[in-house]
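Everything below concerns the one structure shown next.
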Amino acid sequence: MYDFPKYDVIVVGAGHAGCEAAAAAANLGSKVLLITMNMMNMAQMSCNPSIGGIAKGQIVREIDALGGYTGIVSDRTMIQFRMLNKSKGPAMWSPRSQNDRTRFSEEWRSLLEKIEGVDFWQDMVHEVLVEEGKAVGVRTGMGLEFIAESVILSNGTFLNGIIHIGEKSFGGGRIGENASVGLTSNLEKLGFESRRMKTGTPVRVDGRSLDFSKMEEQKGDQIPGKFSFTAAPALSEQRSCFLAYTNLEVHTILRKGFDRSPLFSGRISGRGPRYCPSIEDKIERFSTKDRHQLFVEPEGWNTVEYYVNGFSSSLPEEIQFEALKKVSGFENVKFFRPGYAIEYDYFPPYQLRLNLETKIVENLFFAGQINGTTGYEEAAAQGLMAGINAHLKIRKQPPFILTRSQAYIGVLIDDLITKGTDEPYRMFTSRAEYRLLLRQDNADKRLTALSYKLGLASKERMEKEKIKSENVIKIIEFLNKENIFPEEINDILQQNETQIISQRAKLAALLLRPQVSIFDLLNGSNTFSKFKESELFSEEELEEAEILVKYENYIQKEQEIVDKLSKFEDIPLRIDFNYQALNSLSMEAREKLSRVRPETIGQASRISGVSPADISVLIVYLGR
């Protein structure tokens, strides 16, 4: 019999959460076993082959600043890059890449195999082994037991997964892959509550059968950016995406299949994602709209396969095919596979602590879609935090918890645990009340020092961030000190449709104008241009300096709000606090506080149904 070693951390599931968890724990020094049902599909892009987007791009940059790998893998495998929302303020700028699906998975596996502390095992986990209220290992479908100090479950959509296509239903975690069975019932016996959720994925089509001349081309940025703050290969070539539209004829055909739709017949009980509905859900909910956008996205460099983003469906495949043929440019479309819906188990995240450890079983952590989230980025962020905290917990070190004012990752985890979710949770910039502080450009400044102190971010990363911060300060000092003359800048001001100047002005004063960018000043001021060349400032450093000058007052006000609220934010609450004994609390507050078990006053204040008066009662009681 093979003598398996004892591990520090076992990670179950090698999706985006599992891969980040395994990498983080191992890079911190833990001995890690990563168990997956299929070694060939690690960090598989089950849905669209892209990373980032609105708010999600900020999360990826935060993962990278903390020493995670999603940004690095994305940069190495991207086929297109776009910075979204550039027409809006910098709090809304969100990086997004289109990626080569196959290379993304291969690159993740390659990186993990280079980490000495990670072992792998291909198998299905049926049971978490628990002794005296602590997770001590797992039992697999082969009947093998692996022993560890802690366990992280990141099972994605595989827990009792059921795939729906029209009237057909069959078990699976992804098309062509088996569902994971047994683990949900095991966890329920331990006292956990589970529920069902639903998500879906669109058709994949043969690009050779499409007429792209009838669609709108979406090219990448002329100067493509990247996610990682480390050195990344420059993207010298990009593949275009395309925009197509449904029409009333498409909608009429789709409606023909409603009576066979598992979504409308009630065969799907789980809630689907509100912000990424299926095409049949869209035409039902938005019946007054005569068209919907479809994003036609390539799956990689060397494939003709395309992903039809916006055409997620669980309708019968013949209905999907008939309807899509009526979209302009799709008249001769050939399918690779139809869209489908998948229903799976998740565990409401109020059952977790802020470090993602479960409240019921010590040293057991949940990360990713098992907590009710949707999206690779949200999963990867949870995986990273679970990996860090599993490592810290078994070494009896304080947990690593990010607040809402420190990171989108802090917003994500606080939202999940404090507010819960009964539909797939997706991150948006609107969820972050301090989004001007949580920009994509300053993720390294916010988080790298914290990660370096933990031992995850490298010394090289820390030094790179320090140099960048020093350079940004140099640029701002120069802008505040140096003048520019009318003859240098007035032509540019006229072109930008803003008032010309009649006398010299400080560069920083002109930069306060919305119509003027720091690159306009570079083009106008020979002195500034020479200074930039002598110091070799990067475009990223110049942009961050511009943001800090333009939005200084707004950033300062937001920081003041954070500072004002923080005096109550971190006041701790005991996990076993008896809220029912506090008659001064409202009945609803007692019920909600007893269920969520907040760890701080700040967390308690964000629970729906807990009023400011209830918080005052808690503060008075604690003061007493």
Side-chain angles (χ1 to χ4, degrees), residues 52 57-58 60-67 71-72 74-76 78 81-83 86 90 93-95 97 220-238 439-449 451-452 457-485 488-489 491-492 496 504-513 516-552 555:
Q58 284 88 324
V60 177
R61 295 215 98 194
E62 290 176 353
I63 291 169
D64 185 77
L66 289 167
I72 292 171
S74 185
D75 287 349
R76 292 180 183 179
M78 70 169 64
F81 181 91
R82 292 175 67 205
M83 184 66 77
K86 280 291 279 188
W93 297 355
S94 302
S97 68
D221 289 351
Q222 197 167 6
I223 303 175
K226 60 191 183 73
F227 285 106
S228 181
F229 293 98
T230 61
L235 192 59
S236 57
E237 180 187 356
Q238 299 188 69
R439 306 182 311 276
Q440 57 84 30
D441 63 278
N442 70 351
D444 55 342
K445 186 175 181 62
R446 289 184 278 119
L447 301 173
T448 299
S451 184
Y452 178 66
S458 65
K459 186 178 181 181
E460 181 187 1
R461 276 182 178 270
M462 194 64 245
E463 288 173 350
K464 190 176 177 70
E465 193 284 314
K466 185 181 177 186
I467 291 168
K468 180 188 167 190
S469 292
E470 289 171 351
N471 283 344
V472 169
I473 291 169
K474 283 182 188 177
I475 295 166
I476 293 172
E477 288 175 346
F478 185 88
L479 293 170
N480 284 320
K481 180 181 70 174
E482 291 296 322
N483 293 308
I484 193 166
F485 293 88
E488 294 180 284
I489 196 67
D491 285 348
I492 292 173
N496 292 0
R504 68 182 183 179
K506 287 280 189 287
L507 288 166
L510 278 183
L511 194 53
L512 291 174
R513 299 186 184 187
V516 178
S517 77
I518 198 165
F519 300 102
D520 291 326
L521 299 180
L522 273 172
N523 291 332
S525 170
N526 194 40
T527 308
F528 188 19
S529 181
K530 284 181 178 177
F531 175 64
K532 183 248 182 186
E533 293 305 321
S534 67
E535 295 284 349
L536 298 176
F537 296 128
S538 68
E539 187 170 316
E540 197 171 53
E541 290 163 349
L542 290 164
E543 279 194 344
E544 186 167 335
E546 177 179 2
I547 291 166
L548 293 175
V549 170
K550 274 189 187 294
Y551 298 92
E552 180 183 12
I555 292 169

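Quantities reported herein were computed from a predicted structural model and do not represent experimental measurements. Sequential numbering from 1 along the given sequence is applied to the chain's residues. Keep in mind that the numbers below use all heavy atoms, side chains included, and drop hydrogens, waters and symmetry copies.
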field: Sequence-distant partners of Glu539, side chain to side chain donor-acceptor pair (under 3.5 Å), two or more places apart
entry: none

query: Just by distance, do the side chain of Gln238 and the backbone of Phe81 share a donor-acceptor pair under 3.5 Å?
result: yes

task: Would you name the heavy atoms of Phe227 and Gly52 that are closest together and state the gap between them?
output: CZ-CA, 4.1 Å

query: Can you tell me if Lys226 uses its side chain to pair, donor with acceptor, with the backbone of Ala234 under 3.5 Å?
result: no

field: Crowding at NZ, Lys466 (>12 non-hydrogen neighbours, <6.0 Å)
entry: no

- prompt: Would you say Arg513 has more than 12 foreign heavy atoms packed within less than 6.0 Å of its CZ?
  reply: yes

- prompt: Taking atom OG of Ser529 and atom CG of Asn523, what is their separation to the nearest 0.5 Å?
  reply: 8.0 Å

field: For Asp441 against Asp444, the heavy-atom pair lying closest together
entry: O-OD1, 3.6 Å

- request: Look up atom CG in Leu542 and atom CZ in Phe528, then write down how far apart they are to the nearest 0.5 Å.
  value: 5.5 Å

field: Shortest non-hydrogen separation from Met83 to Pro95 and the atoms involved
entry: SD-N, 3.4 Å

query: With a 4.5 Å heavy-atom cut-off, do Val549 and Ile518 have their side chains touching?
result: no

message: Between Arg446 and Glu62, does any NZ, NE, NH1 or NH2 come within less than 4.0 Å of an OD or OE carboxylate oxygen?
response: yes

message: Using a strict threshold of under 4.0 Å (side-chain N to carboxylate O), is an ion pair present between Lys530 and Glu482?
response: no

query: What's the spacing between Asn483 CG and Glu488 CD if we round to 0.5 Å?
result: 9.5 Å

- prompt: side-chain contact (heavy atoms from CB on, under 4.5 Å) with Pro90: which residues, sequence neighbours excluded?
  reply: Trp93, Arg439, Ile547, Tyr551

task: Drop me the distance from Ile476's CD1 to Leu507's CG, to the nearest 0.5 angstrom.
output: 13.0 Å

message: If you compare all heavy atoms of Asp520 against all heavy atoms of Ile492, which two are closest, and at what distance to 0.1 Å?
response: O-CD1, 3.5 Å

- request: Ignoring hydrogens and angles, state whether a donor on the side chain of Glu465 or Ser469 is under 3.5 Å from an acceptor on the partner side chain.
  value: yes

message: Rounded to the nearest 0.5 Å, what separates atom CD in Glu535 from atom CD1 in Ile475?
response: 9.0 Å

field: Sidechain-backbone polar pair: Asp75 side chain, Ser228 backbone, donor-acceptor under 3.5 Å
entry: yes

- request: Please assess Ile489 against Val516 for the test side-chain contact (heavy atoms from CB on, under 4.5 Å), listing each intermediate value before the final yes or no.
  value: CA-CA 10 Å; Ile489 196 67; Val516 178; 5.8 Å; no

task: Please lay out, stage by stage, how Lys550 and Leu511 fare under the test side-chain contact (heavy atoms from CB on, under 4.5 Å).
output: CA-CA 6 Å; Lys550 274 189 187 294; Leu511 194 53; 4.2 Å; yes

task: Carefully, step by step, assess Glu540 and Arg61 under the rule salt bridge (Lys or Arg N to Asp or Glu O under 4.0 Å).
output: CA-CA 13 Å; Glu540 197 171 53; Arg61 295 215 98 194; 2.9 Å; yes

statement: What one should report as the nearest heavy-atom pair of Phe229 and Asp64 is N-OD2, 2.7 Å

Contacts of type side-chain contact (heavy atoms from CB on, under 4.5 Å), residue Tyr452, not counting sequence neighbours: Ala457, Lys459, Met462

- request: Report the distance from atom CZ of Arg504 to atom CG of Leu510, rounding to the nearest 0.5 Å.
  value: 13.5 Å

task: Looking only at non-hydrogen atoms, find the nearest pair between Thr448 and Ala65 and report the distance.
output: OG1-O, 3.2 Å

query: Do Lys468 and Glu544 sit within salt-bridge range, that is, some charged N less than 4.0 Å from a carboxylate O?
result: yes

query: Going through the checks in order, is the side-chain contact (heavy atoms from CB on, under 4.5 Å) test met by Lys532 and Leu522?
result: CA-CA 8 Å; Lys532 183 248 182 186; Leu522 273 172; 3.8 Å; yes

